[in-house]
Protein chains: 2
Amino acid sequence: MAKAKQKPLTEKQKAILKFMQDFIEQHRFPPTIRDICNATGIKSTSVVNYNLNKLVNAGLLQRSQRKSRGLRLKDRADLHRVIRVPLIGTIGASEPVPVPEDIGAHYDEDDLIEVMPMLLRGCDPAEVFALRVKGQSMIDAMIREGDIIVFRKQDVAQDGEMVAVWLSERGETTLKYFYNEGDRIRLQPAHPTMPPIYVHPAQCHIQGRVLSVIRINV
Amino acid sequence: MAKAKQKPLTEKQKAILKFMQDFIEQHRFPPTIRDICNATGIKSTSVVNYNLNKLVNAGLLQRSQRKSRGLRLKDRADLHRVIRVPLIGTIGASEPVPVPEDIGAHYDEDDLIEVMPMLLRGCDPAEVFALRVKGQSMIDAMIREGDIIVFRKQDVAQDGEMVAVWLSERGETTLKYFYNEGDRIRLQPAHPTMPPIYVHPAQCHIQGRVLSVIRINV
DNA sequence: TTTGACTTAGAACGAGAGTTCGCTTACAAT
DNA sequence: ATTGTAAGCGAACTCTCGTTCTAAGTCAAA
């Protein structure tokens, strides 16, 4: 399906969006079409309906047909909410990373951590999980015991990405920047004065990419 | 006004609350009374209406009369929202910390960062601000360039708290654990192998307490 | 048993609210 | 001038949905 050419929003449409943001902020449920009429000075519900459909088409809005107040802001509303990420265990040097098989599964309340969307860096929440750091082994990655690391589950990586890898020959988990040098993998610590290590590609099992780090036990 | 005696919620009322949480999570607008009927197996809208009024009376719910979907959860809603914290500048070794005088003032959209409530560690948002780390000088605090540090504005500290201090004699800002040893202040780096420094209390100007650290430029 | 408070069901009412349709206006392209 | 498209208005229609009313069932206290 071809993407529709992005027309700039009309003044009415901007006013509708603005009002919806304010209304939802205040009431915590969406306005009716007639609410929008009154707030924007538009005389006819059909005009609002018309412009709402435009906004849906522009991807800024979602509607539930035939439902009162069946309006959702697409863009901004999500940004003001937290996202629940499963905190599935710990990560330490001497154990493999506990990668979840189905991230979308049901978790207990206690095993979920609420993070702001920025920490997911645009990734699908269904691919994201978090681990708490155990032990002092991640110091060369500038990560402390107790830090929470947000990962995207993946088993390949691009050069320069920080990944959690299981080094099967050493029986060791580590966090390093990943560089594929063809016949070998260079794993570069985050700490500027630490030297890289080199491993054979067959020994380097990528468990996930580091998206962000949270430190609350300062 | 005397507070009504707190009766325990009935199973129906618990089911209604649970369903409302799930529904709002999923649809981002509240359910109708008939939605609740279907979800909970209650046969009559009047029964739902009856129990909704009970929940309002118990302070768990708000209703807007005569409005479709005019329901709001009272308690939990805020917990799932982000808090905007002013990101007012950078912190580096060679400059004083730019402490804001009025945190509650108006900030531009770009100067606000949205964080989950946990990062404030219970502090009043009006006391909290954030700074981005510039330069490599915070490595001994296990903090990298680009990290965002969330502070509570305060000029005194308890032992063991991590604080940002301006050392007036050295002309230097640093992040250390604070220990008051009477005639001197011991400032302990986060990195376990680094030695502490000792300063005279008069030279040690506390700028704020570190609440949390966010690293998104991994 | 009787009483009364609490809870449930069912139905009906009426206002709330989304949708559709015909008609008009504005404006640029042909 | 004509055509076509986008935008607006007003009214009517129909379904949604909150509210209210009556009646009945439950259960503990008197």
Side-chain angles (χ1 to χ4, degrees), chain A residues 2-20 22-24 26-74, chain B residues 2 4-20 23-24 26-74:
Chain A
K3 185 172 184 184
K5 60 183 178 296
Q6 205 64 332
K7 285 195 184 178
L9 297 182
T10 67
E11 287 307 311
K12 276 193 172 53
Q13 287 158 12
K14 280 190 234 173
I16 290 175
L17 274 186
K18 178 74 170 60
F19 170 69
M20 278 193 60
D22 294 346
F23 189 99
I24 292 175
Q26 185 181 358
H27 295 86
R28 296 240 291 288
F29 50 78
T32 67
I33 288 180
R34 285 173 177 82
D35 287 335
I36 299 174
C37 278
N38 295 336
T40 58
I42 297 174
K43 304 293 176 54
S44 174
T45 56
S46 65
V47 175
V48 172
N49 191 50
Y50 174 81
N51 283 292
L52 285 177
N53 286 332
K54 294 275 176 183
L55 289 169
V56 170
N57 216 270
L60 298 171
L61 212 62
Q62 285 182 308
R63 299 189 75 178
S64 296
Q65 298 293 322
R66 307 198 131 257
K67 286 190 186 305
S68 66
R69 305 176 192 273
L71 299 169
R72 290 172 271 213
L73 290 174
K74 192 88 174 285
Chain B
K5 59 183 180 297
Q6 205 63 332
K7 286 196 185 176
L9 297 182
T10 67
E11 287 308 309
K12 277 193 170 55
Q13 286 158 12
K14 281 190 233 173
I16 290 175
L17 274 186
K18 178 74 170 65
F19 169 69
M20 278 194 60
F23 189 99
I24 291 175
Q26 185 181 357
H27 294 87
R28 295 238 293 291
F29 50 78
T32 67
I33 288 179
R34 285 172 177 82
D35 288 336
I36 299 174
C37 276
N38 295 336
T40 59
I42 297 173
K43 304 293 176 51
S44 173
T45 56
S46 65
V47 175
V48 172
N49 190 50
Y50 174 81
N51 282 292
L52 285 177
N53 287 332
K54 294 273 177 182
L55 289 169
V56 170
N57 216 271
L60 298 170
L61 212 61
Q62 286 182 308
R63 298 187 75 179
S64 297
Q65 298 295 321
R66 310 199 129 257
K67 286 191 186 302
S68 65
R69 304 175 193 273
L71 299 169
R72 293 172 267 215
L73 291 173
K74 192 93 174 281

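Source: prediction; values computed, not measured.
- At whole-Å resolution of the value, CG in A:Asn38 and P in D:dC9 are 13 Å apart.
- Side chain of A:Lys43, nearest nucleotide from C:dT8, D:dC9, D:dA7: D:dC9.
- Taking atom OH on A:Tyr50 and atom P on C:dT25, their separation rounds to 17 Å, with Å as the unit.
- If you take CG of B:Asn53 and P of C:dT7, they are 12 Å apart, rounded to a whole angstrom.
- A straight line from NZ of B:Lys12 to P of C:dC6 spans 17 Å, rounded to a whole angstrom.
- Ring geometry, A:Phe23 versus A:His27: the interplanar angle falls under 30°, so the pair is classed parallel (tilted spans 30 to 60°).
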Per-nucleotide protein contact along nucleotides 12-22 of chain C, 5' to 3', at a 4.0 Å heavy-atom cut-off (B base, S sugar-phosphate only, - neither), is B--SSBBBBB-
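- Taking the side chain to side chain contact (heavy atoms under 4.5 Å, CB included) definition, one finds that B:Thr40 meets it with B:Ala15, B:Ile16, B:Ile36, B:Ile42, sequence neighbours left out.
- For A:Lys43, there are no side chain to side chain contact (heavy atoms under 4.5 Å, CB included) partners at least two apart in sequence or on another chain.
- Remark: B:Arg63 engages B:Ile33, B:Asn49, B:Leu52, B:Asn53, B:Val56, B:Gln65, B:Leu71 in a side chain to side chain contact (heavy atoms under 4.5 Å, CB included) (not counting sequence neighbours).
- As rounded to whole Å, 15 Å separates atom C1' of D:dA7 from atom CD of A:Glu11.
- Residues passing the side chain to side chain donor-acceptor pair (under 3.5 Å) test with A:Lys18, sequence neighbours excluded: A:Asp22.
- Residues that satisfy the side chain to side chain donor-acceptor pair (under 3.5 Å) test with B:Thr45, not counting sequence neighbours, are absent from this structure.
- Distances shown here put every side-chain N or O of B:Lys54 at or beyond 4.0 Å from the OP1 or OP2 atom of C:dC6.
- The nearest whole Å value for the distance from the CG atom in B:Leu52 to the P atom in C:dT8 is 12 Å.
- As a whole-Å value, the separation of A:Ile36 CD1 from D:dG8 P is 14 Å.
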